[in-house]
Amino acid sequence: MQDEYRTVARAGVHEVEVNRSRFLCALAPVATEQEAQDFIAGVRKEHADASHNCFAYVIGADAAIQKASDDGEPGGTAGVPMLQMLLRRDMRYVVAVVTRYYGGVKLGAGGLIRAYGGAVGEALDTLGTLTRRRFRLATVTVDHQRAGKVENDLRSTGRTVRDVRYGEAVTIEIGLPDSDVAAFRGWLADATAGTAALELGGEAYGDA
């Protein structure tokens, strides 16, 4: 598994103009290939009168799914440079659709590659990106007497507290980088005089 990846902070549209052609880059974070395809279909419907609606998307923390389309532009001049820009920026779980309204001036292959790739790069800069890091899910079980202090200490040291449940004991779900597990185990033992239990679970990604 990748230790971290980047994705777009929010959905949005950024427009650039090149030699009278308008290029509108719509970006969105997506969890699945189906979500990416639904987003593309929505943009195509909205801009059905456009000259081209080219797209690229990358799904999976390891970029397992990559697709690109030139949508009628000369082969390799639109979707591929868009995809390359996403990969160069380490973007994952993201879809980009660049809608072109032709302005009457031919750009040539080099011009198209720069325009489509550049539209995606500018949109990423404008909308912003998030880094998501891999962490291990862990559950701390502690008595009611110590739970409040443990939870406060976790939050004040920047730990990701995902859930707190109250039963006979209190269980606090947290996210830990793998490299922190040993140190955290020691801290927890000191903080609770050895009375708390730590159980490690699976892995997930969260905001860095």
Close side-chain approach of [X] to [Y], heavy-atom, < 4.5 Å:
X      : Y      : value
Asn53  : Ile40  : no
Leu154 : Phe184 : yes
Met85  : Met91  : no
Thr7   : Arg92  : no

Seminar exercise, completed: Looking only at heavy atoms, the pair that brings Val120 and Ala96 closest together is CG2-CB, 4.2 Å

Problem set entry | Within residues 141-153 or reaching into it, pairs that qualify as salt bridge (charged side-chain N to carboxylate O under 4.0 Å, His left out) - sequence neighbours excluded | Asp143-Arg146, Lys149-Asp153, Glu151-Arg155

For the side chain of [X] and the backbone of [Y], is there at least one donor-acceptor N/O pair under 3.5 Å apart?
X      : Y      : value
Arg162 : Gly175 : no
Thr171 : Thr141 : no
His144 : Gly167 : yes
Arg22  : Val16  : no

For this session: Step through the shown structure and confirm whether more than 12 heavy atoms of other residues, nucleotides or ligands are within 6.0 Å of CZ on Arg114.
Result: no

Problem set entry | Crowding at CD, Gln66 (>12 non-hydrogen neighbours, <6.0 Å) | yes

For this session: Please identify each residue that fulfils ring pair (Phe, Tyr, Trp, His ring centres under 6.0 Å) with His14, with sequence neighbours left out.
Result: none

For this session: Show your reasoning for whether side-chain contact (heavy atoms from CB on, under 4.5 Å) applies to Arg100 and Leu107.
Result: CA-CA 12 Å; Arg100 181 189 184 190; Leu107 300 181; 3.8 Å; yes

Problem set entry | CA sep, side-chain torsions, deciding dist, call: Glu122, Phe23, side-chain contact (heavy atoms from CB on, under 4.5 Å) | CA-CA 11 Å; Glu122 281 193 31; Phe23 293 86; over 6 Å; no

Problem set entry | Sequence neighbours excluded - side-chain hydrogen bond (donor to acceptor under 3.5 Å, both in side chains) pairs with any residue from residues 23-33 | Glu33-Tyr57, Glu33-Lys67

For this session: Tell me, with the steps shown, if Phe55 and Phe39 meet ring-ring contact (aromatic ring centres under 6.0 Å, His included).
Result: CA-CA 10 Å; Phe55 71 78; Phe39 181 79; over 10 Å; no

For this session: Quick one: sort the Tyr93 and Tyr5 rings into parallel, tilted or perpendicular, breaks at 30° and 60°.
Result: tilted

For this session: Spell out, yes or no, whether Leu200 and Val140 are grouped together once hydrophobic residues are joined by side-chain heavy atoms under 4.5 Å, including indirect joins.
Result: yes

Problem set entry | From CA spacing to verdict: side-chain contact (heavy atoms from CB on, under 4.5 Å), Glu46, Leu24 | CA-CA 12 Å; Glu46 184 184 346; Leu24 287 79; over 6 Å; no

Exercise. How far does CG of Leu188 sit from CD1 of Ile172, to the nearest 0.5 angstrom?
Worked result: 8.5 Å

